[in-house]
Structure formats: structure tokens, C-alpha cells
Amino acid sequence: MNREQPVSLAVVEAVADREGIPPEELEPPLHDAIQTDALDALFDPVDSDRLPASLEFTYNGYVVSVEGSGEVSLEVAENEDASRVDPRPNDVSYC
């Protein structure tokens, strides 16, 4: 991941790539699943002493994992009928 790139943009690009569509065509937008300003602030490299070890949330049928390095990985949500957006948009797990 480009550390000058906000983590939220990296998430959008990863999901769009997996879906085979341009990022601007993703529905619903990422900010419907998580507060993107808070996500970007958490992984701001300027404050590297406070970076979380990892963060995980559900978006667009994927479990999105963001490592402290800013690396984004995706896994298909276990439940095929999983909501396209996590019903608890501000409930994220910190590891």
C-alpha cells in the first residue's frame, strides 16, 4: 500500500478490484459501513506510535482487514446472504 494514500481509498480500490468494477461504481459507498475519516486517522502514518495492530469490519459482502502497516486484505463474508453493509457501521473490532 502507498502510505501516502488514505486507508479508506485503499479499501475502496481493493473491493472494487475484487468486484471487477471501477471504484466509483461501488454501492453502497464505504462511508455507509464505517466512518472513513476515523479510519484514515487511525492509520495516519504521522502518528505511527498509536497505530492499531489491526482493524476488521464488514463491507460489501467482505470482511475487510487492515493491518497496522496499512495493508488491506479481503475475505468473503461467511454468510452468503450477509448484508452488503454491516448493520453496525461504527462497531469495529480492534486487535
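In the hydrophobic cluster analysis, where Ile, Leu, Val, Met, Phe, Trp and Tyr join through side-chain heavy atoms closer than 4.5 angstrom, V15 is grouped apart from L9. Under the 4.5 Å side-chain contact rule for hydrophobic residues, V72 and V63 do not share a cluster.
Proximity of a side-chain donor or acceptor of Y62 to a complementary backbone N or O of S73 within less than 3.5 Å is not detected.
Looking at residues two or more places apart in sequence or on another chain, you find a side chain to side chain contact (heavy atoms under 4.5 Å, CB included) between T36 and S8, L30, H31. E25 meets the side chain to side chain contact (heavy atoms under 4.5 Å, CB included) test with I21, P22; sequence neighbours excluded.
Here the straight-line distance linking atom CD of Q35 with atom CG of D40 works out to 11.5 Å at 0.5 Å rounding.
Counting all heavy atoms, side chain and backbone alike, A16 lies closest to L26 at N-CD1, 3.9 Å. Closest approach of A33 and T58 over heavy atoms only: CB-O, 3.9 Å. Minimum heavy-atom separation, P23 to V12: CB-CG1, 3.6 Å. Scanning both residues, R18 and V76, for their nearest heavy atoms gives NH1-CG2, 4.4 Å.
L55 has its side chain within reach of I34: a pair of non-hydrogen atoms, C-beta onward, lies under 4.5 Å apart. Between F57 and V11, some side-chain heavy-atom pair lies under the 4.5 Å cut-off. Inter-residue side-chain proximity for D17 and E13 is flagged as unmet; no heavy-atom pair is nearer than 4.5 Å.
For E75, the CD atom counts as loosely surrounded, since its 6.0 Å shell holds 12 or fewer non-hydrogen atoms of other residues, nucleotides or ligands.
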